[in-house]
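Everything below concerns the one structure shown next.
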Amino acid sequence: MDPLYLTMPVQMVVADAGTHLVFHDNSWDGRVVLREGEEGAGSGVDRPGSSELRMEGGPLRCWVLVGPPARVAQGWSGLTGSAAVPPEWALGYQHARWGFGSTAEVRRVVSGYVSRGLPLSAVHLDIDHYDGHRVFTVDEERFPDLPGLAQELREQGVRLVSIVDPAVKAGDAVHASGRSVGAGGAFVRDARGQEVRGEVWPGECAYPDFTDPAVREWWGGMYAERLARGFSGFWHDMNEPVSFAPFGDATLPRSARHSMDGAGGDHREGHNVYALAMARAGWEGLLRLRPAERPFLFSRSGWAGMQRYGGTWSGDVESSWDGLRASLALVLGLGLCGVPYSGPDVGGFGGSPSPELYVRWLQLGAYLPLFRTHSAIWAGRREPWEFGPEVEEHARALLAERDRLRPYFVTLAHLARRTGAPYVRPLWWGNPEDRRLRNCEDAFLLGDALLVAPVLECGADRRAVRLPRGRWYDTATGAAHEGPGQVLLDAPQGRIPVLARAGAVVPVRGAGGGVELEVWAPARGRTGGGVVIRDPGPGFEPGEVERYTVRWVGDAVVVEDERGAAVPGVVVRGL
């Protein structure tokens with residue numbers, strides 16, 4: 001049993017014969033052996049690949065979805081649940097660090113961003129803001145007026161996000177509250193009925209059994225304390241769950257008992273769904289406490305369907321070029337597994353990236369759904385100005401571009417909920433029959449409109465970019481390139497290739513703060529178009545879908561709405 005992070009028993013196959021997704025609906029420990037088939041002459045049904053799955057227990061149950069990638073994604077969303085739409089502010093740049101040890105340190109960092117004109121949406125407080133690392137507490141000496149700090153930051157456009165760990169220190173007030181839940185208390189027990197204890201940051205801890213509805217209701221109510229402190233979002237960590245004094249694995253003993261929503265079971269079945277149930281508890285509690293606001297919640301661990309309650313991040317990714325490359329693969333894979341909102345710790349978690357690596361990581365993160373820097377208490381700083389004036393200028397341009405694209409990310413978030421399509425998509429998404437695109441793992445599509453080609457190699461200042469069919473414009477130079485094919489593009493340290501599809505409609509933030517339409521000219525004799533969904537506010541309104549058509553009329557590019565009326569004030573590029 002791997003006790004760390006996410007388990008997604010989902011397999012998507014894209015081949016000459018078509019696309020299909022298989023979901024092994026079994027949360028027990030297991031092993032998968034994949035044997036890849038051969039493509040080319042004589043491939044297909046006569047030389048198929050194979051997938052062998054062996055589980056320690058549970059049902060032999062799987063679901064198979066067949067069709068084009070977009071249809072498969074929509075079916076998967078219908079099966080496991082529509083993705084949560086994050087609040088608009090959570091689609092901006094966020095800064096976290098294990099080591100924000102005081103109000104003064106938080107103010108210093110936020111002031112650094114504000115004084116330099118660097119956009120910042122949120123600051124995340126790690127376990128060091130707790131009193132003795134105990135969940136749902138605050139160290140009042142280092143953070144004497146957390147609600148006041150939260151209000152002060154909010155007036156500057158910055159939200160506070162709180163880490164929430166599941167382990168509860170034995171003997172504290174939260175533990176006492178949990179022991180009064182129901183007939184047997186809120187915590188996981190062994191076969192003899194004794195609480196299972198583990199060692200986590202606060203010391204000896206008990207673990208809530210989130211697979212029990214009564215426990216979920218109790219735990220969800222605990223977020224009232226966080227909201228009263230001024231927090232706007234929540235970051236679930238250590239929820240595999242982790243124990244530093246492992247019972248064979250660094251988690252709970254396999255014999256630990258869980259409610260499993262009344263069916264009963266042990267940790268062999270409950271381990272992989274523990275964090276999913278914790279996310280559900282937090283999400284449902286926040287809905288009860290603030291029903292008019294969409295919660296912001298993301299979780300280190302989870303299982304199929306976790307997208308209903310938020311997203312995830314990379315966990316403790318290595319501060320290296322390998323870690324950078326793995327981050328892109330992770331986000332792409334999670335999107336295909338139905339979790340569209342994710343991202344890495346920009347810069348890596350435990351090390352000190354070079355200025356070059358930091359910039360390249362920031363360039364990737366700026367085009368991923370969760371855009372967050374984060375690092376360990378012993379690691380190097382992650383504020384852009386800590387890397388020198390040149391890096392700071394590169395960061396300024398990147399953060400400004402992410403801020404400008406936030407309306408586009410809002411549209412992608414609502415489309416993900418409606419259709420199951422991830423924000424970040426493999427290059428083959430619209431052309432699964434193209435083998436060359438299927439073999440491309442170093443670039444991605446951001447929605448239908450943009451192609452992003454990050455630099456993932458040390459010292460590179462140019463890179464080859466594989467293009468799907470159609471015309472693509474380099475957004476930095478305006479140069480047009482025709483696909484399918486491959487082009488070699490400049491990628492100096494301050495820029496990565498980002499290309500726009502001809503005919504695309506991209507909602508962006510204008511100079512006055514409102515939403516404007518940026519349109520890329522279609523090829524002569526062709527049309528284009530796109531959809532826009534504006535932020536409907538903090539609640540659960542679905543947002544109105546605006547559909548636009550782009551076409552040539554004489555020597556001008558005209559954008560029309562669904563009624564055929566010309567749309568004024570459009571910025572046309574690529575002419």
Side-chain angles (χ1 to χ4, degrees), residues 1-13 21-35 50-64 76 79-80 165-167 187-192 194-200 205-212 215-216 236-281 299-307 309 312 314-316 326 330 333-334 336-339:
M1 181 186 294
D2 181 355
L4 294 180
Y5 303 170
L6 285 157
T7 300
M8 284 286 174
V10 180
Q11 175 186 350
M12 179 178 275
V13 176
L21 178 147
V22 179
F23 168 42
H24 300 287
D25 192 0
N26 184 324
S27 65
W28 284 62
D29 191 11
R31 183 177 300 275
V32 180
V33 177
L34 299 177
R35 297 180 182 88
S50 67
S51 173
E52 179 184 284
L53 177 69
R54 294 178 178 269
M55 308 298 289
E56 288 191 357
L60 291 173
R61 181 172 57 215
C62 69
W63 303 79
V64 181
W76 175 240
L79 180 65
T80 58
D165 287 356
F187 301 101
V188 175
R189 296 180 176 270
D190 61 22
R192 299 171 298 170
Q194 301 298 310
E195 280 184 8
V196 173
R197 299 286 177 84
E199 190 78 15
V200 199
C205 290
Y207 297 80
D209 181 8
F210 298 114
T211 71
D212 185 330
V215 175
R216 291 197 295 268
H236 287 181
D237 198 12
M238 306 292 285
N239 57 343
E240 288 73 33
V242 169
S243 173
F244 297 151
F247 307 93
D249 301 308
T251 185
L252 303 186
R254 300 180 185 217
S255 59
R257 303 296 299 171
H258 291 279
S259 165
M260 302 306 289
D261 284 287
D266 60 32
H267 201 63
R268 294 175 298 172
E269 181 180 8
H271 176 84
N272 286 331
V273 296
Y274 185 86
L276 174 68
M278 180 186 178
R280 178 180 176 181
S299 171
R300 187 168 85 174
S301 189
W303 203 64
M306 66 180 297
Q307 70 274 1
Y309 313 116
T312 185
S314 64
D316 300 347
L330 176 78
L334 283 166
L336 296 177
C337 290
V339 185

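This one's a predicted model, so the numbers in the text were calculated from it and none came from an experiment.
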> Could R216 and D261 be called an ion pair, given the rule that one side-chain N must be under 4.0 Å from one carboxylate O?
Replying inline: yes
> Do L334 and Q307 pass the side-chain contact (heavy atoms from CB on, under 4.5 Å) test, and can you show the C-alpha distance, the side-chain angles, and the key distance before you say yes or no?
Replying inline: CA-CA 10 Å; L334 283 166; Q307 70 274 1; over 6 Å; no
> Got a sec, which residues hit ring-ring contact (aromatic ring centres under 6.0 Å, His included) with Y274, two or more places apart in sequence or on another chain?
Replying inline: F210
>> Which heavy atom of N26 sits nearest to which heavy atom of G58, and what is that distance?
In response: ND2-C, 3.4 Å
> Who pairs with A206 by side chain to side chain contact (heavy atoms under 4.5 Å, CB included), at least two apart in sequence or on another chain?
Replying inline: H175, F187, E195, R197
>> Pair N239, D165 - check side-chain contact (heavy atoms from CB on, under 4.5 Å), show working.
In response: CA-CA 7 Å; N239 57 343; D165 287 356; over 6 Å; no
> Looking only at heavy atoms, which two atoms of V188 and R257 are closest? And how far apart?
Replying inline: CG1-O, 3.4 Å
>> With rounding to the nearest 0.5 angstrom, report the OG1 to CE distance, T211 to M260.
In response: 5.5 Å
> To the nearest 0.5 Å, what is the distance between CZ (R31) and CG (L53)?
Replying inline: 11.0 Å
> What pair of heavy atoms forms the shortest contact from H24 to C62, and how long is it?
Replying inline: ND1-CB, 4.0 Å
>> Is any side-chain heavy atom of V13 closer than 4.5 Å to one of Q11?
In response: yes
> Side chains of S255 and D190: do they bring a donor and an acceptor to under 3.5 Å?
Replying inline: no
> Of the options H271, R254, H267, which is the one that meets D249 in a side-chain contact (heavy atoms from CB on, under 4.5 Å)?
Replying inline: R254
>> How long is the straight-line distance from CG of D237 back to CG of D316, given to the nearest 0.5 Å?
In response: 7.5 Å
> Do M306 and S299 pass the side-chain contact (heavy atoms from CB on, under 4.5 Å) test, and can you show the C-alpha distance, the side-chain angles, and the key distance before you say yes or no?
Replying inline: CA-CA 9 Å; M306 66 180 297; S299 171; 4.2 Å; yes
>> Name the residue from W28, F23, Y309 that meets the ring-ring contact (aromatic ring centres under 6.0 Å, His included) definition with W303.
In response: F23
>> I'd like to know whether S51 forms a side-chain contact (heavy atoms from CB on, under 4.5 Å) with V32, so could you lay out the CA-CA distance, the side-chain angles of the two residues, the decisive distance to 0.1 Å, and finally the verdict.
In response: CA-CA 7 Å; S51 173; V32 180; 4.0 Å; yes
> Taking all non-hydrogen atoms of both residues, which atom of P241 and which atom of L252 are closest, and how far apart?
Replying inline: CG-CG, 3.7 Å
>> Does this structure show an ion pair linking R268 with D29, if we count only N-O contacts that are shorter than 4.0 Å?
In response: no
> Of all heavy-atom pairs between S27 and V273, which one has the smallest distance, and what is that distance?
Replying inline: CB-CG1, 3.8 Å
> In Å and rounded to the nearest 0.5 Å, what is the CG to OG distance from N272 to S301?
Replying inline: 7.5 Å
> What are the two closest non-hydrogen atoms of S314 and L330, and how far apart are they?
Replying inline: CA-CD2, 3.4 Å
> Do other residues, nucleotides or ligands put more than 12 heavy atoms under 6.0 Å from W63 CH2?
Replying inline: no
>> Strictly below 4.0 Å, N to O, side chains only: are R300 and E240 in salt-bridge contact?
In response: yes
>> Quick check: do Y207 and V200 have side-chain heavy atoms less than 4.5 Å from each other?
In response: yes
> What residues, two or more places apart in sequence or in another chain, satisfy ring-ring contact (aromatic ring centres under 6.0 Å, His included) together with H236?
Replying inline: none
> Roughly how far apart are E199 CD and S243 OG, rounded to 0.5 Å?
Replying inline: 7.0 Å
> Got a second to check how far L79's CG is from L21's CG, nearest 0.5 Å?
Replying inline: 9.0 Å
